[in-house]
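Count residues from 1 along the sequence. Keep in mind that the numbers below use all heavy atoms, side chains included, and drop hydrogens, waters and symmetry copies.
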Amino acid sequence: MSEWVRARDLMEAARRSAIEAERTRRALERMASKEGPRAQSYSPGTSPGRVADPMAATDERMDYEARMRSRVEADYAIIDEACDVIYGSDQTGSGGVCSLLGSAYADCLWWRYCAAATWAEVAEGCGMSERWCRDAVSVACDAVDAYGVGRVVAGLGLAEG
């Protein structure tokens with residue numbers, strides 16, 4: 001686990017990573033939609049007998065995917081670190097913020113930072129008001145900062161370990 005100065009730094013890095021990973025996924029999806037068989041065009045201005053590379057779109061997508069692979073892996077590594085802080089390293093809720101403050105706090109963090117959701121989406125996903133979710137995120141980040149990232153991942157409060 002990398003050492004983050006503050007919980008908010010890790011969570012904001014996870015949010016940026018989630019946004020970037022989604023942007024890359026959408027770009028690959030758009031590129032993939034250009035692949036495959038196309039109907040023959042009879043429109044004026046096209047040259048008959050022109051041979052186009054039917055694999056050009058696929059090759060372009062595969063090249064882009066290869067270039068993005070290490071960036072996407074780095075993005076998901078940061079998101080995984082945030083998930084460890086939120087739910088514990090075994091992702092069962094037996095550690096992390098989930099074990100210390102409860103699942104509602106953990107879920108607010110996950111929706112806001114790992115899913116890169118808007119506050120309205122966080123509130124909807126958690127079934128709470130936006131105000132409550134904002135406060136919960138603040139309380140959770142303050143708790144992580146007070147206990148320390150390593151202790152929170154292990155699910156240890158101040159009295160334990």
Side-chain angles (χ1 to χ4, degrees), residues 1-35 57-161:
M1 166 117 356
S2 297
E3 289 300 315
W4 294 91
V5 176
R6 296 176 343 144
R8 279 179 180 71
D9 295 336
L10 170 58
M11 295 301 158
E12 287 297 339
R15 183 174 172 78
R16 285 189 304 273
S17 293
I19 290 167
E20 182 63 20
E22 177 62 14
R23 186 194 64 76
T24 302
R25 185 196 65 75
R26 276 192 250 124
L28 288 168
E29 196 174 83
R30 280 190 308 275
M31 294 172 94
S33 72
K34 295 177 183 175
E35 298 173 23
T58 301
D59 292 342
E60 183 181 339
R61 179 190 49 81
M62 290 175 68
D63 288 346
Y64 180 76
E65 196 168 22
R67 287 191 308 272
M68 295 288 109
R69 186 168 291 121
S70 64
R71 183 184 302 173
V72 169
E73 287 172 0
D75 288 336
Y76 280 111
I78 293 170
I79 295 167
D80 287 346
E81 284 187 69
C83 285
D84 288 350
V85 171
I86 295 168
Y87 295 110
S89 57
D90 63 1
Q91 303 296 305
T92 64
S94 62
V97 168
C98 190
S99 71
L100 296 174
L101 299 174
S103 61
Y105 288 84
D107 293 346
C108 282
L109 285 173
W110 185 87
W111 276 102
R112 180 64 181 166
Y113 298 106
C114 298
T118 65
W119 284 113
E121 292 166 336
V122 173
E124 184 179 335
C126 294
M128 304 290 203
S129 71
E130 283 186 44
R131 176 68 184 179
W132 190 91
C133 291
R134 287 175 188 265
D135 290 345
V137 162
S138 183
V139 166
C141 286
D142 288 346
V144 172
D145 289 341
Y147 295 145
V149 170
R151 295 181 65 81
V152 171
V153 169
L156 300 174
L158 293 176
E160 297 136 334

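Taking every heavy atom of both residues into account, Ile86 and Cys114 meet most closely at CD1-SG, 3.9 Å. Closest heavy-atom contact between Ala143 and Val152: O-CG2, 4.5 Å. Pairing each heavy atom of Cys108 with each of Val122, the nearest pair is O-CG1, 3.9 Å. Between Cys98 and Ser103 the shortest heavy-atom distance is SG-CA, 3.8 Å. For Arg151 against Tyr147, the heavy-atom pair with the smallest separation is CD-O, 3.1 Å. Between Ile19 and Ala116, the shortest heavy-atom distance links the atoms CG1-CB, 3.6 Å.
Contact annotation: the side chain of Met11 approaches that of Val85 to within less than 4.5 Å [non-hydrogen atoms, C-beta and beyond]. Between Val97 and Trp110 there is no side-chain heavy-atom pair separated by less than 4.5 Å. At a threshold of 4.5 Å between non-hydrogen side-chain atoms, the residues Ile78 and Arg15 do not count as touching. Leu109 has its side chain within reach of Cys141: a pair of non-hydrogen atoms, C-beta onward, lies under 4.5 Å apart.
Counting only N and O atoms by type, the side chains of Arg71 and Ser17 include no donor and acceptor under 3.5 Å apart. No side-chain donor from either of Tyr105 and Asp135 sits under 3.5 Å from a side-chain acceptor of the other.
Although no hydrogens or angles enter the test, the distance criterion places a donor-acceptor pair under 3.5 Å between the side chain of Asp145 and the main chain of Ala7.
Taken to the nearest 0.5 Å, the CD atom of Glu130 stands 10.0 Å off from the CD atom of Glu121. The distance from atom CG of Asp75 to atom CZ of Arg23, rounded to the nearest 0.5 Å, is 9.5 Å.
For CD of Glu22, the number of neighbouring non-hydrogen atoms (other residues, nucleotides, ligands) closer than 6.0 Å is greater than 12.
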Evaluate the side-chain contact (heavy atoms from CB on, under 4.5 Å) criterion for residues Tyr113 and Leu10: first the C-alpha distance (whole Å), next the side-chain angles of each, then the deciding distance (0.1 Å), finally the verdict.
-> CA-CA 9 Å; Tyr113 298 106; Leu10 170 58; over 6 Å; no
